[in-house]
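Just the heavy atoms: all of them, side chains too, but no hydrogens, waters or symmetry mates, feed the values below. So you know, we letter chains A, B, ... as the sequences are listed, proteins then strands, and number each from 1.
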2 protein chains.
Amino acid sequence: MKKFSSRYSIAVHILSLVALSPTSCTSDFIAESVNTNPVIIRRIIGMLKKAELVHVRAGAGGTYLQKGLDEITLLDVYRAVEVADNGDIFNFHDETNPKCPIGANIESVFRAKMLQAQSAMEHELAQVTLRQLVSELKEKTGSI
Amino acid sequence: MKKFSSRYSIAVHILSLVALSPTSCTSDFIAESVNTNPVIIRRIIGMLKKAELVHVRAGAGGTYLQKGLDEITLLDVYRAVEVADNGDIFNFHDETNPKCPIGANIESVFRAKMLQAQSAMEHELAQVTLRQLVSELKEKTGSI
DNA sequence: TATCGTTGCAACTATAATGATTACATCGAG
DNA sequence: CTCGATGTAATCATTATAGTTGCAACGATA
């Protein structure tokens with residue numbers, strides 16, 4: 001299957017920061033918390049923007065949530081940053097031999113099962129809102 | 001996240017062939033149905049062997065199931081060929097800034113959610129036995 | 001209006017995983 | 001003993017990711 005990139009964890013980190021930070025969140029500020037390069041952060045913020053999860057004040061700087069804490073789920077974030085060509089997390093060996101009755105049919109049978117498994121995972125992700133994440137974070141950090 | 005390699009689909013293909021084929025399954029024979037190099041097939045069979053899903057007649061040649069059709073699930077196959085270092089399908093950006101209260105705690109909170117999602121997916125995979133797969137394949141191919 | 005911090009983006013590098021291929025030692029049935 | 005098949009190492013091309021530098025453009029603000 002395809003593995004999740006660490007972009008996903010960074011994206012969640014970004015959204016948590018934006019949600020919790022009382023100060024303006026510049027890419028430099030976020031990069032320091034994530035401990036990486038600001039450009040990496042901007043790239044991911046770009047994806048979150050396309051998904052309309054955040055908006056950015058150009059020139060002035062700073063990233064802000066574009067939706068409520070309850071309207072953003074882990075599934076939204078996943079779809080925003082995991083640019084799976086077709087949306088599938090599974091890769092298939094294409095070009096199986098069409099002359100072999102099994103080679104010709106195995107993919108469709110297997111794919112159906114995989115889509116079911118993927119749906120189950122995405123269903124779980126859809127259950128977790130940014131509000132829940134942030135609330136659990138607050139418990140752990142004491143207070144912010 | 002991490003993406004699934006196409007090894008997985010090939011492994012399922014191999015097991016289906018071994019289960020259905022009345023003749024001996026050599027890596028050359030399988031490679032033709034999968035439409036790839038025999039060495040690729042042998043590598044994957046090697047993983048299936050380690051997982052004790054199949055055994056191979058060295059010298060003589062041919063791969064055979066080591067367990068019953070009902071005792072092999074898609075989860076078994078997945079675990080046999082997807083060599084995720086730690087078993088997780090999610091990657092995390094490690095080394096977040098420990099000085100930032102969010103950076104210091106986001107990973108554990110996020111990881112818990114991800115493990116839940118992964119469990120849901122694996123649960124689905126565990127529901128599908130090789131017998132079911134083969135049975136659906138037979139329907140599609142008419143008969144073998 | 002000029003400045004300065006910030007964003008957006010292209011270009012480049014390094015690294016790792018994957019798939020494919022060649023080559024060859026080894027096994028074991030006939 | 002022979003011959004087909006397996007097991008495995010070595011190599012290569014491709015792709016994805018993460019990181020980095022450089023720079024144009026934006027816009028708040030002084």
Quickly work out the [X] [atom1] to [N] [atom2] distance and round it to whole Å.
| X | N | atom1 | atom2 | result |
| --- | --- | --- | --- | --- |
| B:Lys50 | D:dT8 | NZ | P | 8 Å |
| B:Asn91 | C:dA17 | CG | P | 10 Å |
| A:Ile10 | D:dG19 | CD1 | C1' | 10 Å |
| A:Ile40 | D:dT21 | CD1 | C1' | 12 Å |
| B:Asn35 | C:dG19 | CG | P | 15 Å |
| A:Ile44 | D:dT20 | CD1 | P | 14 Å |
| B:His93 | D:dT17 | NE2 | C1' | 13 Å |
| B:Met47 | C:dG19 | CE | C1' | 12 Å |

Under the salt bridge (charged side-chain N to carboxylate O under 4.0 Å, His left out) rule, collect the residues that match up with A:Arg111, sequence neighbours excluded.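 For A:Arg111, the residues satisfying salt bridge (charged side-chain N to carboxylate O under 4.0 Å, His left out) (neighbours in sequence not counted) are A:Asp88, A:Glu107.
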With a 3.5 Å distance limit and no angle check, can you tell me whether B:Thr129 reaches the backbone of B:Asp70 through a side-chain donor-acceptor pair?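 A pair under 3.5 Å: no.
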Are any of the side-chain nitrogens in B:Glu32 or A:Lys99 under 4.0 Å away from the carboxylate oxygens of its partner?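 Looking at B:Glu32 and A:Lys99, the cut-off is not met.
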So does B:Lys67 have more than 12 non-hydrogen atoms from other groups sitting under 6.0 Å from NZ?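 Yes - once you tally the heavy atoms of other residues, nucleotides and ligands closer than 6.0 Å, there are more than 12.
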Under 4.0 Å between a side-chain N/O of A:Thr36 and OP1 or OP2 of D:dA18, yes or no?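 So the side-chain polar atoms of A:Thr36 never come under 4.0 Å of the phosphate oxygens OP1 or OP2 of D:dA18.
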Any non-hydrogen side-chain atom of B:Ser21 less than 4.5 Å from a side-chain atom of B:Phe29?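 Answer yes - side chains close enough.
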Parallel, tilted or perpendicular, judged at 30° and 60°: which one describes the rings of B:Phe90 and B:Phe110?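 Ring orientation, 0 to 90° scale: perpendicular.
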Heteroatom pairs (N/O) under 3.5 angstrom, protein to nucleotides 5-9 of chain C:
from: C:dG5; atom 1: N2; to: A:Gly59; atom 2: O; distance (Å): 2.6
from: C:dT7; atom 1: OP1; to: A:Ser27; atom 2: N; distance (Å): 3.1
from: C:dT7; atom 1: OP1; to: A:Gly62; atom 2: N; distance (Å): 3.4
from: C:dT7; atom 1: OP2; to: A:Ser27; atom 2: N; distance (Å): 3.3
from: C:dT7; atom 1: OP2; to: A:Ser27; atom 2: OG; distance (Å): 2.5
from: C:dG8; atom 1: OP1; to: A:Lys49; atom 2: NZ; distance (Å): 2.1
from: C:dG8; atom 1: N7; to: A:Arg42; atom 2: NH1; distance (Å): 2.9
from: C:dG8; atom 1: O6; to: A:Arg42; atom 2: NH1; distance (Å): 3.0

